[in-house]
Amino acid sequence: MPTQTTISITLKDGSKKEIASGSNGIDLAKAISNSLAKKSIGLSVNGELQDINAVLKDGDLVEIVTVDDPRSYDFLRHSSAHVLACAVQNLFKGARIANGPSIENGFYYDFEIADHQLTPEDLSKIEKEMQKLIDEDLKFVKVNVEDANKQISEFKSIGEKFKAENLEEHKDHSPTLYTLQKEGKTVWNDFCKGPHIGSSKQIKAFKLTSISGAYWHADETREKLQRIYGTSWWSKEDLEAHIKRLEEAEKRDHRKLGRQLDLFSIQEETGPGLILWHPKLAYLRTQIENFWREIHEKAGYELVYTPHIARNELWDISGHNEFYKENMFSMEIDEQKYVLKPMNCPFHVKIYDSCRHSYRELPIRMGELGTVYRYERSGVMHGLARVRGFTQDDAHIFCRKDQFVDEIKGVIKLVDEIYSKFGLTYSAELSTKPADAIGTPEIWDFAEAGLKKALDEYGLAYQLNPGDGAFYGPKIDFKLKDAIGRVWQGATIQLDFNLPKRFDIKYTDKDGTQQQPVMVHRAIFGSLERIGAVLIEHFAGAFPLWLSYKQAIVLPIADRHLEYAQKMNEILREKGIRSEVDDRAESVNAKIRDAQIEKIPYMLIIGDKEIAENKVSVRHRKKADIGSMTIEEITNKIFEEIKNKIIE
């Protein structure tokens, strides 16, 4: 049989391209156009990202990844991480490498360095060594591991125990190494699946950003490591823009603003991951809770309260003891085991199951601001955003199969209504059946089709996230975008086939048969702690008027203006506006400066002229002076902004 001299490649648009047998991605790109070849970074071959020099086969579906494609950053940043590791090992001969992936907007690498604790001053030295390696035009070359046991022995012989352990774990999965080569000679390697760029010279703009601690495999009982974070971009302009975003993000860091504005604290005596809400942030939380209850009652939800603990048997039935035990806190009371609830859903199921239900009663929408407790490792806790005790804005819908599409659309509408009051935009993802899914294929097909239908009928654009659903059902995730473009996890809508079956809950259908309801889990904020973190950073601590602990402050210029100032303050407070008088013996400029630092929305300044005209001079924290007004005018203005939840 003659050797095939050409192969046929299917491109993204469905067209075919004939190229020589044995061709790689660069050959394909050149066959299409020279300009494409210059921008080519990597490939997507049959849905899998591969190196640009990967050899193609007849019938492959190929998409060329260029620098304009967001996926190109996976190639760039993973490769930047390898250059970082090589540089560190050049500078610190005792360094042993662990893992080094690309992450959102950057990369990191973990090291064990026995004789040196990395400092911020080391980063500039490492950057210089990285630039030297980049300038040497090192090639990224993929090497198949032919004898895994031999390679593991080689790693161990030079002290690379982490590389050896990784290879041992994956030695039956066609393992590969990636090498950095200079003039055909290997100068560095690591066990790695890839993909990577072709040459270190393609790294145009990078910066090392920070150092932190880590544990091998995130296990606190294993080796403690030193982690270096970095970022890399295709141009210096993009890098500079990113650095500016990082600087702005640092200013907005909710932990920093939490201290500066006296919003919350986490104290040693109360324990890590357990939040103390100080009055200012507690007021914001109260307003959010009131808004949440009001909007949910209008949407037909019935609000419930459930205990913070339950007997161990409840979590046996729910399956949490089987699937979630390492994240749960337990205790023993009266010689019986109890668990601090990690989730509210089993309690809501028990409330549903406390009486019989007819098909006419469904849907039943049950909501709770329920506080739960989950064990989070100390290394992953992060201010308000990742904690051990938090309050979920939890709700569960029990409905018939013919109702759940409309119920999902109703939840999406609530997401719209709620997020719009905070000026938060979002995108949606539909996550489908994972490998460990429970339930029949027919149930999954029905559920996924229903979620798609709800999204399509509502008119909400979404990305498909194959295989990332929960084991008990598919889900819709909402990703929030804040004022400086960062993405946060937001609302989630999940279908659950697991709990209704485990608790054997039913309703009586119109034909008298007992049917299992469809159960929908949903949370819009996710948790009050996390939305607190999002809002602090989104607004940089300058909360909208309706969420501000202090909404106005009256600033008398001198002591002779104090009586009139107190009178104006009484009028504001009678109208329900949270205000106070700054009667300190300070200059009015100092009072204005302090009010600005405290981020109070309105400052009402009073002097001789204002008293003579029976007015106040109004200053806004962002718009500066906005003119002279009567107390009635400014009171009505503030009251209307609060009532309508206006965002500046």
Side-chain angles (χ1 to χ4, degrees), residues 12 44 47 49 63 65 68-74 77 102-106 231 233 238 241-242 245-246 248-249 252 254 288 292 295 382 384-386 392-393 395 404-434 447-470 473-495 520-540 647:
K12 181 182 178 182
S44 172
L49 293 179
E63 184 181 353
V65 178
D68 303 319
D69 189 321
R71 292 174 296 178
S72 69
Y73 281 109
D74 286 334
R77 289 166 181 157
S102 65
I103 56 176
E104 185 179 3
N105 292 328
T231 185
W233 298 79
D238 287 342
H242 177 68
R245 287 193 296 271
L246 288 180
E248 180 62 29
R252 292 170 178 258
H254 72 277
I288 289 176
W292 186 91
I295 202 168
H382 182 79
L384 291 166
R386 194 81 179 261
Q392 291 182 304
D393 63 314
F404 96 93
V405 170
D406 285 336
E407 289 303 305
I408 298 299
K409 289 193 289 186
V411 176
I412 297 172
K413 182 182 178 184
L414 271 182
V415 170
D416 269 343
E417 289 183 45
I418 289 175
Y419 286 160
S420 68
K421 295 301 182 185
F422 303 96
L424 292 165
T425 59
Y426 63 82
S427 59
E429 292 180 356
L430 173 58
S431 299
T432 57
K433 183 179 179 180
E448 290 176 5
L451 291 181
K452 288 177 184 176
K453 184 178 180 182
L455 287 162
D456 291 338
E457 289 185 0
Y458 193 85
L460 179 61
Y462 61 92
Q463 294 287 326
L464 199 61
N465 196 2
D468 202 41
K475 60 178 181 172
I476 301 171
D477 285 318
F478 295 82
K479 306 295 186 181
L480 303 179
K481 185 173 282 190
D482 69 13
I484 59 173
R486 294 170 303 171
V487 175
W488 301 73
Q489 175 62 47
T492 184
I493 307 171
Q494 301 178 350
L495 293 188
V520 179
H521 299 251
R522 45 115 300 194
I524 294 176
F525 294 131
S527 80
L528 297 182
E529 284 73 11
R530 185 167 64 207
I531 198 64
V534 172
L535 294 179
I536 291 169
E537 300 201 12
H538 178 58
F539 293 114
I647 300 171

Verdict with reasoning, Lys453 to Asp456, per salt bridge (charged side-chain N to carboxylate O under 4.0 Å, His left out): CA-CA 5 Å; Lys453 184 178 180 182; Asp456 291 338; over 6 Å; no

Could you give me the CA-CA distance, side-chain angles and deciding distance for Ile408 and Tyr458, then say whether side-chain contact (heavy atoms from CB on, under 4.5 Å) is met? CA-CA 9 Å; Ile408 298 299; Tyr458 193 85; over 6 Å; no

Output, in order, the C-alpha distance, side-chain angles, deciding distance and verdict of side-chain contact (heavy atoms from CB on, under 4.5 Å) for Ile476 and Val411. CA-CA 11 Å; Ile476 301 171; Val411 176; over 6 Å; no

Verdict with supporting geometry, Glu429 and Asp468, side-chain contact (heavy atoms from CB on, under 4.5 Å): CA-CA 10 Å; Glu429 292 180 356; Asp468 202 41; 5.7 Å; no

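Two residues are said to be in side-chain contact when any heavy atoms from C-beta on lie closer than 4.5 Å; Ile493 and Ile412 meet this criterion. Considering only heavy atoms from C-beta on, Trp488 stays 4.5 Å or farther from Leu424 through its side chain. Contact annotation: the side chain of Pro474 never approaches that of Thr432 to less than 4.5 Å [non-hydrogen atoms, C-beta and beyond]. Side-chain atoms of Ile103 and Arg77, non-hydrogen and from C-beta on, never get closer than 4.5 Å to each other. Arg522 is not listed as a side-chain neighbour of Gln494, based on a closest heavy-atom distance of 4.5 Å or more.
Taking CD from Gln392 and CZ from Arg530, the interatomic distance works out to 8.5 Å, rounded to the nearest 0.5 Å. Expressed to the nearest 0.5 Å, how far CG of Asp482 lies from CD of Glu537 amounts to 7.5 Å. Here the straight-line distance linking atom CZ of Arg245 with atom CZ of Arg486 works out to 11.0 Å at 0.5 Å rounding. Note: Ile531 CD1 to Asp393 CG = 8.5 Å, rounded to the nearest 0.5 Å. For the atom pair Leu430 CG and Leu455 CG, the distance stands at 6.0 Å (nearest 0.5 Å). Here the straight-line distance linking atom CG of Leu495 with atom CZ of Phe404 works out to 5.5 Å at 0.5 Å rounding.
Closest of all the heavy-atom pairs between Gly469 and Ser431 is N-CB, 3.6 Å. Taking every heavy atom of both residues into account, Ser102 and Asp74 meet most closely at OG-OD1, 3.7 Å. Closest approach of Gly490 to Leu480, counting heavy atoms only: CA-CG, 3.9 Å. The two residues Leu384 and His254 have their closest heavy-atom pair at N-NE2, 2.9 Å. Between Leu460 and Ala428, the shortest heavy-atom distance links the atoms CD2-CB, 3.9 Å.
Using the six-membered ring where Trp is involved, Tyr419 and Phe525 have ring planes that are tilted, between 30° and 60° apart. The aromatic rings of Phe478 and Tyr426 stand perpendicular to each other, their planes meeting at an angle above 60°, with 30° marking the opposite boundary.
Taking a 6.0 Å sphere around CD of Glu457, one finds it holds more than 12 heavy atoms contributed by other residues, nucleotides or ligands. Shown here is Lys479, whose NZ atom has more than 12 heavy atoms of other residues, nucleotides or ligands within 6.0 Å.
With hydrogens and angles disregarded, a donor-acceptor distance shorter than 3.5 Å links the side chain of Arg252 to the backbone of His538. Judged by distance alone, the side chain of Ser72 and the main-chain N or O of Val65 form no donor-acceptor pair under 3.5 Å.
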